Amino acid sequence: MDYAIILESVSKRFGDVWAVRDLSLRIEYGRVYGLLGPNGSGKSTTMKMILGLVKPDSGKILVDGIDVSKDPVEVRKIIGYVPETPRLYDYLTGIEYLDFIGEAYGMSPEERKRRIEEFLEAFELKGRENELISGYSKGMKQKIALIAALIHKPKILILDEPLSGLDPRSARIVKDLIHELAEEGVTTIFSTHILEIADAVCDELAIMYEGRKLAEGKPDELKRMAGESGSTLEEVFLKLTGAEDVREIVEALVD
Ligand SMILES: Nc1ncnc2c1ncn2[C@@H]1O[C@H](COP(=O)(O)OP(=O)(O)OP(=O)(O)O)[C@@H](O)[C@H]1O
Ligand SMILES: [Mg+2]
């Protein structure tokens, strides 16, 4: 079996904090793989290490068979990445920015124009593409970042909380798009701490906590792990991450 992404015992420390600790993952081609975990559990750091933007202290990462530590440039060519807080060029218009990104990926002017038009239409941004990005709403900026990640037809998508800021209709468009791309063999890694999203979007999930992988499996398998029938992913998540006592915390807050 060939894997799109392999992590072998990867660790990363920032000072005394283990952002990621002895993490191993194997993600098959065409899968939608979710990293699910509370704030600070190492999701974004894991993604940045896969992209070669953060160097692991130890362990090995292969993307489409390429060792990231040896050829990070080649790896980034085949990945589309949406960071958790995308930095766009505020002084460009939406269309100028997307055209610039397409050009950087070596796409021809005709191909750029065609792809950009298709995406603007799909994301319901048509008519707004000639306005400056600085005037776009949060969700509109998020959509531009998604289009920028998808424009060069990447084999692998790394989406760090891509649905944050999107309304339900736009979120649905993105979810459907991820599934359709998966049919064509595109592999997606997707981070979220929203359980319903993980349940609806991912074929397989890793539950992360304090940099470690606590559990892995299909959403239904993880729900069965909770022991009782009819368990929700939220119950599994709270059980594993030791947050079952949230009620006490809330009660203390309102006292
Ligand atoms: N550049 C950095 N310098 C210092 N500490 C860092 C750095 N990047 C990450 N960390 C720490 O590593 C841990 C994991 O952070 P990370 O951003 O990977 O978490 P996350 O799961 O993406 O969280 P969130 O859900 O809030 O986005 C945190 O304790 C964070 O403070
Ligand atoms: Mg994060």
Side-chain angles (χ1 to χ4, degrees), residues 5-25 27 32-61 63 68-69 72 75-76 79-88 138-139 141-146 148-149 156-166 171 174-175 178 187-202 204-217 219 222 232-244 246 249:
I5 293 164
I6 299 176
L7 270 75
E8 274 173 17
S9 304
V10 172
S11 296
K12 177 70 194 178
R13 245 168 76 165
F14 293 103
D16 292 337
V17 177
W18 287 90
V20 173
R21 197 159 188 172
D22 197 23
L23 179 66
S24 295
L25 299 175
I27 306 173
V32 183
Y33 191 96
L35 296 177
L36 180 64
N39 298 134
S41 57
K43 305 179 297 292
S44 297
T45 305
T46 300
M47 293 179 150
K48 287 178 197 160
M49 288 194 292
I50 295 170
L51 280 150
L53 299 175
V54 166
K55 249 179 89 159
D57 295 325
S58 56
K60 191 170 170 177
I61 304 177
V63 177
V68 178
S69 69
V75 164
R76 284 200 283 273
I79 296 181
Y81 172 48
V82 177
E84 54 189 347
T85 36
R87 285 199 196 93
L88 307 170
K138 182 175 183 299
K141 286 181 185 163
Q142 187 68 11
K143 290 182 197 177
I144 294 284
L146 272 159
I156 294 168
L157 276 175
I158 298 190
L159 309 178
D160 202 348
E161 315 218 4
L163 304 183
S164 73
L166 295 189
V174 176
K175 287 185 214 168
I178 290 171
T187 310
T188 300
I189 307 187
F190 185 101
S191 80
T192 182
H193 43 251
I194 301 169
L195 296 132
E196 299 79 46
I197 292 178
D199 204 2
V201 176
C202 303
E204 211 178 341
L205 289 171
I207 296 186
M208 307 267 302
Y209 186 59
E210 295 183 345
R212 295 177 194 270
K213 183 174 75 179
L214 292 186
E216 184 178 41
L222 290 172
T232 63
L233 209 48
E234 183 179 30
E235 283 158 347
V236 186
F237 182 80
L238 294 179
K239 229 177 207 172
L240 284 172
T241 56
E244 279 179 297
V246 282
I249 299 170

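Order of listing sets the numbers, starting from 1, for every ligand and every atom in it. Throughout, residue positions are numbered sequentially from 1 according to the sequence presented. Keep in mind it's a predicted model, so treat the numbers as computed, not measured.
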Measure from atom 31 (O) of ligand 1 to the protein's non-hydrogen atoms and state whether any distance is below 4.0 Å. no
Hey, does Ala19 come in under 3.5 Å of ligand 1, counting only N/O atoms on both sides? no
Closest heavy-atom contact between Pro86 and Gln142? CG-OE1, 3.8 Å
Residue portion contacting ligand 1 (non-hydrogen atoms closer than 4.0 Å) for Thr45: both
Counting only heavy atoms closer than 4.0 Å, does ligand 1 sit against the backbone of Glu84, its side chain, both, or neither? side chain
Which heavy atom of Ser11 sits nearest a heavy atom of Trp18, and at what distance? CB-CZ3, 3.8 Å
Among all protein non-hydrogen atoms, which one is nearest to atom 29 (O) of ligand 1, and what is the separation to 0.1 Å? Val17 CG1, 3.5 Å
Please report the C-alpha distance between Thr46 and Leu7 in whole Å, then the side-chain angles of each, then the deciding distance to 0.1 Å, and finally whether the side chain to side chain contact (heavy atoms under 4.5 Å, CB included) criterion is met. CA-CA 9 Å; Thr46 300; Leu7 270 75; 4.1 Å; yes
Below 3.5 Å, N or O to N or O, backbone or side chain included: is there any such pair between Gly40 and ligand 1? yes
Check the pair Ile207 / Leu222 against side chain to side chain contact (heavy atoms under 4.5 Å, CB included), numbers first and verdict last. CA-CA 9 Å; Ile207 296 186; Leu222 290 172; 4.2 Å; yes
Is the shortest distance from a Lys or Arg side-chain nitrogen in Asp57 or Lys12 to a carboxylate oxygen in the other one below 4.0 Å? yes
May I have the step-by-step check of side chain to side chain contact (heavy atoms under 4.5 Å, CB included) for Thr188 and Ile158, ending in yes or no? CA-CA 6 Å; Thr188 300; Ile158 298 190; over 6 Å; no
Are the side chain of Ser41 and the backbone of Glu210 linked by a donor-acceptor contact shorter than 3.5 Å? no
Return the residue, atom name and 0.1 Å-rounded distance of the protein heavy atom closest to atom 26 (O) of ligand 1. Asn39 ND2, 3.1 Å
For His193, counting its heavy atoms only, list the atoms of ligand 1 lying under 4.0 Å from any of them. 25 (O)
Check Pro38 against ligand 1 and report side chain, backbone, both or neither, counting heavy atoms closer than 4.0 Å. backbone
Sub-4.0 Å heavy-atom contact, Ser41 with ligand 1: yes
Closest to atom 20 (P) of ligand 1 by heavy-atom distance, out of Glu161, Arg13, Lys43, is Lys43
Shortest non-hydrogen pair, Leu25 vs Glu216, comes out as CD2-OE2, 4.0 Å
Identify the closest protein heavy atom to atom 9 (C) of ligand 1: which residue and atom is it, and at what distance? Phe14 CE1, 3.4 Å
Of all the non-hydrogen atoms in the protein, which one sits nearest to atom 17 (O) of ligand 1, and at what distance? Ser44 CB, 3.7 Å
Nearest non-hydrogen partners of Cys202 and Tyr33, listed with the distance: SG-C, 4.3 Å
Can you check side chain to side chain contact (heavy atoms under 4.5 Å, CB included) on Met49 and Val10, steps first, answer last? CA-CA 9 Å; Met49 288 194 292; Val10 172; 3.5 Å; yes
From OG1 (Thr187) to CD1 (Ile5), nearest 0.5 Å: 6.5 Å
Apply the side chain to side chain contact (heavy atoms under 4.5 Å, CB included) test between Ser44 and each candidate in Asp160, Val20, Val54; give the one that qualifies. Asp160
For the Mg ion (ligand 2), check which protein N, O or S atoms are under 2.8 Å away and list them. Ser44 OG, Glu84 OE1
